[in-house]
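These numbers were taken from a predicted model, which means no experiment stands behind them. Lettering of chains follows the sequences in order, A, B, ..., and the numbering in each one begins at 1.
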Protein chains: 2
Amino acid sequence: MNQLVKEIYDVISNNDYKLTNQRKIVIDALVKNQEDHLNCDEIYDLVKNVDKNLGLATIYRSLKLFVQLGILTELNIGDGSIRYDLVDLNTNSHNHHHLICKSCGKIIEVKDDSLETLEKEIEKIYDFKIENHKCKFMGLCKECIENS
Amino acid sequence: MNQLVKEIYDVISNNDYKLTNQRKIVIDALVKNQEDHLNCDEIYDLVKNVDKNLGLATIYRSLKLFVQLGILTELNIGDGSIRYDLVDLNTNSHNHHHLICKSCGKIIEVKDDSLETLEKEIEKIYDFKIENHKCKFMGLCKECIENS
DNA sequence: CTTACTGCAAAAGGTTTGCAATATT
DNA sequence: AATATTGCAAACCTTTTGCAGTAAG
């Protein structure tokens with residue numbers, strides 16, 4: 001079994017939540033489509049092929065739980081739905097940003113931890129303890145620039 | 001009249017939209033409560049005191065227009081509603097970030113343009129033309145740290 | 001065997017829209 | 001006078017919730 005899947009299972013079990021079939025199916029969809037930043041409805045569509053009876057409400061509840069357990073973070077690209085991003089459980093860091101193409105909607109992940117200096121500065125100036133950050137860059141991707 | 005208000009009026013007129021009483025009232029509420037990052041419903045509450053008949057739909061439509069005209073930007077703090085942030089029309093830059101206290105919900109504005117270096121780097125590596133960015137830092141504000 | 005979890009359907013937000021009346025240019 | 005804008009109510013969409021039945025530990 002995929003190493004990441006195993007780690008996620010552990011987080012759930014170790015926190016005394018039950019490893020139900022439905023949760024496993026949702027996790028499978030999330031891991032297999034990491035790049036896609038799916039929203040609940042899109043996960044529902046995928047998951048129906050595996051278990052026709054799996055309900056939408058169950059997915060909403062699963063996703064909420066996974067966020068609470070630190071397995072996922074929420075991502076808002078302004079389309080009216082919440083999208084989800086798998087957290088790298090090993091580094092336990094949120095050190096990546098998103099490039100969102102305003103033309104085609106593509107989301108590109110950017111690994112970067114260069115915000116740490118800025119964070120330290122902000123913490124000092126504002127007496128604010130930063131625990132996490134979310135950074136989005138909006139613009140045009142390579143393909144959309146070429147096709148315009 | 002407030003200089004900022006005058007500038008906003010100009011943007012609306014110059015783009016051939018009508019300077020209606022309702023739009024003026026909404027602008028007034030936005031300018032007078034710049035710090036508060038109001039959502040539509042909160043603006044509705046404020047505005048009702050000025051014009052009891054001003055409808056919620058009108059505010060939604062005004063806010064959409066103002067975003068389109070670059071007068072406002074949308075801000076998502078994860079409470080399920082869209083909040084709004086006045087753009088500094090003179091600098092025409094989006095060079096500020098938000099600190100969001102996860103305990104009391106307070107939003108603190110941080111002036112900073114240190115992301116430009118990072119943006120240039122990202123543009124080069126990913127062939128992505130960045131037009132704007134949104135950056136949120138989540139954590140605990142001074143007061144909430146002291147009261148815990 | 002206990003109680004957390006699920007599925008369903010209904011409800012609850014927030015936001016959008018159609019239409020007739022109104023106000024701005 | 002022409003038409004963009006408004007107010008109202010209904011519609012829409014995403015997300016949440018109550019409850020009875022089911023399954024994981």
Side-chain angles (χ1 to χ4, degrees), chain A residues 8-29 37-69 71-84 105, chain B residues 8-29 37-69 71-84 105:
Chain A
I8 295 173
Y9 283 6
D10 281 348
V11 173
I12 293 172
S13 297
N14 293 341
N15 283 278
D16 293 325
Y17 290 99
K18 293 184 174 168
L19 208 46
T20 65
N21 238 289
Q22 289 89 335
R23 286 178 183 162
K24 286 182 185 170
I25 293 171
V26 172
I27 291 165
D28 189 58
H37 303 89
L38 304 168
N39 65 21
C40 195
D41 210 55
E42 290 165 353
I43 295 170
Y44 183 50
D45 280 343
L46 286 173
V47 141
K48 266 191 306 199
N49 300 322
V50 183
D51 178 354
K52 218 171 153 338
N53 295 316
L54 210 164
L56 186 56
T58 298
I59 303 178
Y60 273 107
R61 283 186 278 230
S62 298
L63 295 174
K64 276 231 141 173
L65 176 66
F66 297 166
V67 169
Q68 182 196 315
L69 293 176
I71 296 165
L72 298 176
T73 52
E74 300 184 341
L75 177 62
N76 183 292
I77 67 163
D79 70 342
S81 74
I82 305 172
R83 296 186 170 275
Y84 293 89
Chain B
I8 294 173
Y9 283 7
D10 282 347
V11 173
I12 293 173
S13 298
N14 293 340
N15 283 280
D16 293 324
Y17 291 100
K18 293 184 176 168
L19 209 46
T20 65
N21 238 289
Q22 289 88 336
R23 285 177 183 163
K24 286 181 185 171
I25 293 171
V26 172
I27 291 165
D28 189 59
H37 302 90
L38 303 168
N39 64 22
C40 194
D41 210 55
E42 291 165 351
I43 295 170
Y44 183 52
D45 281 343
L46 287 173
V47 141
K48 267 191 305 198
N49 301 321
V50 184
D51 178 353
K52 218 172 152 339
N53 295 316
L54 211 165
L56 186 56
T58 299
I59 304 178
Y60 273 107
R61 283 187 278 229
S62 300
L63 295 173
K64 276 230 141 175
L65 176 66
F66 297 167
V67 169
Q68 182 196 315
L69 293 176
I71 295 164
L72 298 176
T73 51
E74 301 184 340
L75 177 62
N76 183 291
I77 67 163
D79 71 341
S81 73
I82 305 173
R83 297 186 168 276
Y84 293 90

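- For A:Lys64 and A:Tyr60, the positive end is not near the middle of the six-membered ring at less than 6.0 Å and at most 45° from its axis.
- Distance OH (A:Tyr60) to C1' (C:dG13): 12 Å, rounded to an integer number of Å.
- Whole-Å rounding puts the B:Arg23 CZ to D:dT5 P distance at 4 Å.
- Taking atom CD1 of residue B:Ile12 and atom P of nucleotide C:dT24, one finds them 14 Å apart after rounding to whole Å.
- You'll find that the side chain of B:Leu54 is closest to D:dG7, out of C:dG7, D:dT16, D:dG7.
- Using a 4.5 Å cut-off on side-chain heavy atoms (C-beta onward), B:Tyr84 and B:Glu74 make contact.
- The backbone N or O of B:Tyr17 lies less than 3.5 Å from no partner atom in the side chain of B:Asn15, so there is not a single donor-acceptor pair.
- Of all nucleotides listed (C:dT15, C:dT16, C:dA9), C:dT16 comes nearest to the side chain of B:Lys64.
- The residue among B:Leu56 and B:Leu19 whose nearest nucleotide of DNA chain C lies closer to the 5′ end is B:Leu56.
- For the pair A:Ile59 CD1 and C:dG7 P, the interatomic distance rounds to 9 Å; values are reported in whole Å.
- The distance from atom CG of B:Asn53 to atom P of D:dC8 is 6 Å, rounded to the nearest whole Å.
- Counting only heavy atoms from C-beta on, A:Asp51 has its side chain closest to C:dG7 among C:dG7, C:dC5, D:dG7.
- Checked against D:dT6, C:dT24, C:dT17, the side chain of B:Gln22 finds its nearest nucleotide in D:dT6.
- Here the C1' atom of nucleotide D:dT14 and the CD1 atom of A:Ile82 are 8 Å apart, to the nearest Å.
- Remark on DNA chain D: of its neighbouring residues A:Asp41 and A:Arg61, the 5'-side contact belongs to A:Asp41, judged by nearest-heavy-atom nucleotide.
- Rounded to whole Å, atom P of D:dG7 lies 13 Å from atom NZ of B:Lys48.
- Looking at heavy atoms from C-beta onward, A:Ile12 lies in side-chain contact with A:Phe66 at the 4.5 angstrom threshold.
- Under the 4.5 Å side-chain criterion, counting only non-hydrogen atoms from C-beta, B:Cys40 is in contact with B:Leu56.
- Distance from the side chain of A:Thr20 is smallest for C:dC5 among the nucleotides C:dA9, C:dC5, D:dT5.
- Distance, B:Leu69 CG to D:dT5 P: 10 Å, rounded to whole Å.
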